Amino acid sequence: MDPGNGSDILPEELTASVESFFDTAPPLQDSSLISHKLQAFIDRNSKSSEGGGPVRVVCVTSGGTTVPLEQRCVRYIDNFSSGHRGAASTEYFFKAGYAVIFLHRRGSCQPYCRYLPEDSFLDFFELGEDSSIQVCQSHSTIVKKAIGDYQNAVERGQLLKLPFTTIFEYLQVLRMVAISMRPLGPYGMFYHAAAVSDFYVPWESMAKHKIQSSSGPLDMRLNQVPKMLSVLRKEWAPMAFCISFKLETDGNILLQKADMAMKKYHMHVVVANLLATYKREVIMVTDNGSINVCSQDEYSDVEEEMIKILVDRHSKYLEQYRIEIIGLS
Ligand code: 9Z3
């Protein structure tokens with residue numbers, strides 16, 4: 001596996017569109033709080049693991065970004081992503097000993113309570129005769145396990161949850177995360193499961209107030225979102241191990257598009273999936289071939305096998321660096 005850090009120069013056109021995106025984006029709320037949390041998280045996890053070696057840190061992106069159509073936003077463009085893949089993958093990364101920065105869409109699936117958005121959490125509890133709250137017998141094992149696993153991750157200080165809603169928030173927080181993970185070098189990993197908008201309305205050309213229907217049919221021009229994966233690989237965190245996802249609806253172009261993404265963005269692995277089957281099967285495209293991964297049955301997660309493979313690839317990637325990072329071990 002190529003440990004190459006993808007740190008060649010960005011094309012001028014891309015640099016200009018990236019600068020313009022960030023210069024004109026509405027400023028991030030709470031940016032100093034986010035930066036403080038990130039710094040504390042990286043400091044804590046870059047010291048050492050129980051076994052004495054450095055902790056591996058993965059940024060899992062999860063859920064879909066929105067594209068606001070008005071500055072005082074009433075309407076926005078959204079996508080289908082539920083955040084299930086990111087939440088499930090986070091659980092398996094923990095199991096493998098990783099610290100996780102969970103960069104997720106507000107209100108999307110969360111690790112250890114993936115079932116909650118569909119099944120009302122009120123169904124899990126009942127009132128006792130003395131009005132105390134009790135977990136229903138039928139759900140008690142699953143709820144206890146979820147609470148235990150979640151508390152374990154939080155107590156170990158190995159879970160940092162950062163929320164986003166819009167494409168503007170997402171990319172600004174992603175940049176902060178990536179730059180703060182840079183000192184981890186190859187111990188850092190990015191797992192881009194979020195469904196990121198390809199087009200957006202630049203803030204300065206967006207209607208300030210609610211668009212009026214009385215003005216007749218709506219014509220709107222959307223700009224292309226700059227390809228930030230390139231920037232992440234080349235500038236923000238060039239030594240990190242990077243996995244991106246490619247989603248298509250047409251099986252005839254899926255692998256070709258995944259292959260293009262590998263080369264264009266210097267990814268280490270591209271996970272290709274089809275809308276019709278993504279919950280149970282994916283193809284992991286690497287620089288030495290593709291691996292098909294399917295869930296065994298409706299009760300098992302395809303993410304379990306995917307994360308095993310990725311952890312193994314990450315280990316090989318680290319070996320190639322013959323790591324001796326002072327200050328991390
Ligand atoms: C994915 O392909 C994810 O697997 C899903 C997961 C979004 C399908 P859910 O959140 O779904 O479990 O409901 N993510 C990446 C999708 C994407 O936007 N990829 C871009 C592309 O295909 C590249 S970054 O061009």
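A quick note: this is a predicted structure, and the numbers were derived from the prediction, not measured. In each ligand, atom 1 is the first atom listed, and ligand 1 is the first ligand listed.
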Show which side-chain atoms of residues 195-205 pair as donor or acceptor with protein atoms under 3.5 Å away, not counting sequence neighbours.
{"unit_1": "Ser197", "atom_1": "OG", "unit_2": "Thr65", "atom_2": "O", "d": "3.3"}
{"unit_1": "Ser197", "atom_1": "OG", "unit_2": "Thr65", "atom_2": "OG1", "d": "2.5"}
{"unit_1": "Ser205", "atom_1": "OG", "unit_2": "Pro202", "atom_2": "O", "d": "3.2"}

* Mind jotting down which protein residues get a heavy-atom contact under 4.0 Å with ligand 1? Chain and number order, please. =>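 Answer by chain and number: Phe80, Ser81, Ser82, Gly83, His84, Arg85, Ala193, Ala194, Ala195, Val196, Phe245, Lys246, Leu247, Asn273, Tyr278.
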
* Will you find, in the side chains of Tyr265 and Ser244, an N or O donor that is under 3.5 Å from an N or O acceptor? ->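 No, no side-chain donor-acceptor pair sits under 3.5 Å.
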
* **Selection residues 246-255 - residue pairs positive for salt bridge (Lys or Arg N to Asp or Glu O under 4.0 Å), sequence neighbours left out** =>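 Qualifying pairs: Glu248-Lys257.
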
* Check salt bridge (Lys or Arg N to Asp or Glu O under 4.0 Å) between Arg182 and all other residues, then give those that pass, not counting sequence neighbours. =>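 If we apply the salt bridge (Lys or Arg N to Asp or Glu O under 4.0 Å) test to Arg182, skipping adjacent residues, there are no hits.
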
* Do Lys37 and Asp30 meet the salt-bridge criterion of a basic N to acidic O distance under 4.0 Å? ->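 Salt bridge: no.
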
* Using 30° and 60° as the class limits, which term best fits the ring planes of Phe241 and His268: parallel, tilted or perpendicular? ->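 Rings of Phe241 and His268: parallel, as their planes differ by under 30°.
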
